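This report concerns only the one structure given below.
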Amino acid sequence: MNTLDWIIMLGTLLTIVTYGIWKTRHVKTSRSYLRGDDDLKWWTIGLSIMATQASAITFLSTPGQAYDDGMRFVQFYFGMPLAMVFLSVVVLPIYYRLKVYTAYEYLEGRFDRKTRTLTALLFLTQRGLAAGLTIYAPSIVLSAIMGWSLNWTIFLMGIFVIFYTVMGGTKAVSVTQKQQMIVILSGMLIAAVILVFKLPKDISFGNAVSLAGKMDKLNTVDFSFDWNNRYNFWTGMFASVFLFLSYFGTDQSQVQRYLSGKSLTESRIGLLFNGIFKVPMQFLILFVGILVFVFFQFNRPPVHFNNANVESLKNTESAARYYELEQQHAIVFDQQQAAVRQLLSAIDTGNEDAIGQTKLHIAGLREQDTRIREEVKTLIASQNPKAKTQDTDYVFLTFVINYLPVGIVGLLLAVIFSAAWSSTASELSALSTTTVVDIYRRSFVQDATDRHYLRASKGFTVLWGAIALSFAAIADLFENLIQAVNIIGSLFYGVILGIFFVAFFMKRIGGNAVFTAAILGEACVLGIFFYGNIAFLWLNFIGCAIVMILAFLLQAVMGPGNAQRKKLLTN
């Protein structure tokens with residue numbers, strides 16, 4: 001990487017971090033550390049919420065997802081505006097009226113301590129695992145740039161973000177995420193523009209879009225219904241709504257963002273801002289992946305995008321076979337490039353017969369290329385069984401490092417690192433807050449000094465950072481990081497949302513019934529995931545429905561004796 005890129009990347013990152021530490025230099029109490037000072041404006045809240053969700057995984061894995069599978073992943077976000085409206089109207093007023101630190105405090109007032117603790121533990125489990133993935137993603141970048149061991153880069157990245165979070169707590173996370181989000185959006189827009197200008201001179205933007213469409217990459221909306229289909233209109237408008245309701249309404253990493261708002265109105269506008277702009281932002285990121293796909297129709301991509309795997313393979317007895325496969329890949333690419341230009345000519349002339357025949361020819365060439373790539377992956381795995389052979393997470397990174405102009409590379413890498421730090425810091429801060437408020441201070445040390453709880457908060461931040469690092473070390477077991485994050489969330493979010501829905505809408509249900517229903521519901525969700533055959537997004541709806549139905553039935557068996565609801569929560 002060029003010296004100028006290093007200067008831009010490190011300068012951007014250090015400026016953001018220094019600003020955050022300076023803005024939080026007066027954080028001396030556990031309340032300020034865990035919740036902030038209730039002074040954030042709506043635009044800061046909105047950008048902070050977006051930055052918390054938009055981790056490095058979003059900017060590494062999502063373009064690779066589009067490169068491999070087209071635009072259909074955007075349907076996953078179709079239901080987000082509906083979820084934001086519901087949360088703004090129903091959930092936020094409750095949290096603000098009770099002045100809670102965490103979403104789970106509400107559950108003790110509505111039910112009992114054990115239900116609050118169980119829900120907090122479910123959150124801690126899934127968010128602790130997800131934090132490992134958000135540390136792993138930028139470690140891929142650092143490993144690719146420096147040529148270091150991935151485990152060492154995971155350790156280095158984790159230590160830095162732990163230090164950053166411990167220094168300022170939730171306020172440091174919130175005040176820096178605005179700058180980070182600006183850098184992120186600017187960087188992705190610049191990448192999209194450069195991709196268009198990097199296309200051959202005789203290929204216009206319109207040609208690129210037409211080509212992507214004919215090669216089945218612009219499959220934005222799919223109305224067919226299939227329980228096994230992860231991304232279609234129905235999962236986006238129904239199943240994913242339950243995921244977003246749970247993530248933005250009950251996940252402390254998000255709740256913590258808008259509980260720091262100056263007022264209920266500011267927090268509501270911040271949530272709605274996120275609901276409106278998240279879908280276009282995700283569309284842009286996916287479309288960048290589509291442009292990368294078109295770019296690599298005219299510029300030969302590597303036979304394997306993870307360069308570290310390739311370099312290791314070249315030093316083994318399988319090197320000769322690898323070079324043979326690389327040569328075969330080059331031949332197939334040349335044939336495919338010629339076919340792609342024939343397809344563009346057919347599109348220009350409107351010759352549907354030629355379009356159909358050329359598409360079939362390209363499909364056959366792509367199948368050949370896929371077989372070559374799979375054999376390379378098999379060679380890599382035979383020489384290093386621990387190597388991650390799925391390489392879609394490296395597609396966008398390959399373009400950034402090898403094809404962007406000097407200076408822009410540093411900016412795009414700053415985007416990836418900014419996203420990683422903002423998301424991971426949010427997660428670690430939320431994990432610490434939930435551990436201290438819902439478990440440590442509530443059930444173990446109830447009457448200590450504020451200074452004690454401040455030290456405990458920082459200590460738990462370090463502890464959760466260490467747990468996340470441990471999980472990051474095995475994150476390469478997943479096929480695609482953006483899917484892995486959503487799968488982990490879907491295993492727990494449905495049950496958590498079911499508990500909150502019972503609290504909000506089923507006033508006759510008591511703590512014992514919902515506690516038992518939640519345990520049984522989580523067991524059912526895990527059983528369906530491991531032994532069933534259903535798209536993971538539906539687990540959010542299924543988990544929620546199971547908890548609500550079981551809680552109703554169990555309450556009928558237990559009777560009304562334990563279903564008292566505090567008057568504070570009925571109005």
Side-chain angles (χ1 to χ4, degrees), residues 20-21 23-40 94-128 131 158-159 161-175 250-261 424-470 496 499 503 511 515 566 568-569:
I21 293 174
K23 288 287 287 184
T24 57
R25 64 193 185 280
H26 300 305
V27 173
K28 303 296 182 184
T29 66
S30 62
R31 187 187 189 284
S32 293
Y33 186 84
L34 294 174
R35 177 169 166 163
D37 296 321
D38 300 339
D39 57 355
L40 299 183
I94 296 174
Y95 291 161
Y96 262 85
R97 185 170 67 247
L98 299 180
K99 294 180 172 60
V100 295
Y101 280 78
T102 75
Y104 318 113
E105 286 183 85
Y106 161 71
L107 295 177
E108 182 170 356
R110 170 62 177 86
F111 297 120
D112 48 38
R113 187 196 300 186
K114 68 177 183 295
T115 304
R116 171 186 179 179
T117 302
L118 172 64
T119 311
L121 289 173
L122 290 174
F123 160 73
L124 292 172
T125 301
Q126 73 86 14
R127 186 48 59 189
I159 291 299
V161 78
I162 291 168
F163 168 78
Y164 167 52
T165 311
V166 167
M167 287 297 293
T170 188
K171 187 167 184 179
V173 173
S174 295
V175 298
T250 72
D251 188 307
Q252 185 60 23
S253 67
Q254 286 291 357
V255 173
Q256 199 160 274
R257 305 278 71 77
Y258 52 74
L259 285 183
S260 299
T424 307
S426 297
E427 291 167 336
L428 295 182
S429 177
L431 289 164
S432 172
T433 300
T434 303
T435 304
V436 171
V437 173
D438 293 297
I439 297 177
Y440 183 74
R441 188 168 69 186
R442 185 66 187 90
S443 300
F444 294 96
V445 181
Q446 298 181 351
D447 299 312
T449 64
D450 185 78
R451 183 178 178 82
H452 173 86
Y453 291 125
L454 179 60
R455 289 199 303 265
S457 300
K458 294 183 177 183
F460 280 117
T461 301
V462 175
L463 175 63
W464 279 110
I467 293 172
L469 281 176
S470 300
I496 294 174
I499 296 170
F515 179 84
K566 291 190 175 182
L568 176 65
L569 303 174

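Numbers here simply count residues along the sequence, with the first being 1. Small disclaimer: the values here were computed from a predicted structure and weren't measured.
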task = Side-chain contact test, heavy atoms from C-beta onward, threshold under 4.5 Å: evaluate it for F515 versus D112 and give yes or no.
result = no
request  = Answer yes or no: is there a side-chain heavy-atom contact under 4.5 Å between I439 and L124?
outcome  = yes
Gap separating the [atom1] atom of [X] from the [atom2] atom of [Y], nearest 0.5 angstrom:
| X | Y | atom1 | atom2 | value |
| --- | --- | --- | --- | --- |
| T434 | F460 | OG1 | CZ | 11.5 Å |
| L107 | T117 | CG | OG1 | 10.0 Å |
| H452 | D447 | NE2 | CG | 10.5 Å |
| R113 | E108 | CZ | CD | 6.0 Å |
| T435 | R441 | OG1 | CZ | 12.5 Å |
| T250 | I499 | OG1 | CD1 | 9.0 Å |

request  = May I ask you to establish whether R116 and F111 are in a cation-pi arrangement, using a distance under 6.0 Å from NZ or CZ to the six-membered ring centre and at most 45° from the ring axis?
outcome  = no
key: Atom CZ of R451 with >12 non-hydrogen neighbours under 6.0 angstrom   = no
Contact summary for [X] and [Y], nearest pair of heavy atoms:
| X | Y | value |
| --- | --- | --- |
| Q446 | R442 | NE2-O, 2.6 Å |
| A503 | Y106 | O-OH, 3.4 Å |
| Y258 | Y96 | O-OH, 3.0 Å |
| G511 | T115 | O-OG1, 3.5 Å |
| V445 | A448 | CG1-CB, 3.6 Å |

key: Side-chain donor-acceptor pair present, W464, S432, cut-off under 3.5 Å   = no
message = Checking side-chain polar atoms at under 3.5 Å, does Q252 have a donor or acceptor matched by the opposite partner on D438?
response = no
By side-chain hydrogen bond (donor to acceptor under 3.5 Å, both in side chains) - contacts of E105 (at least two apart) = none
query = For I159, what residues pass the side-chain contact (heavy atoms from CB on, under 4.5 Å) criterion, not counting sequence neighbours?
reply = F155
query = For V255, does its backbone N or O pair with a side-chain atom of Y95 as donor and acceptor, under 3.5 Å?
reply = no
Stepwise side-chain contact (heavy atoms from CB on, under 4.5 Å) check, F123 with L431 = CA-CA 8 Å; F123 160 73; L431 289 164; 4.2 Å; yes
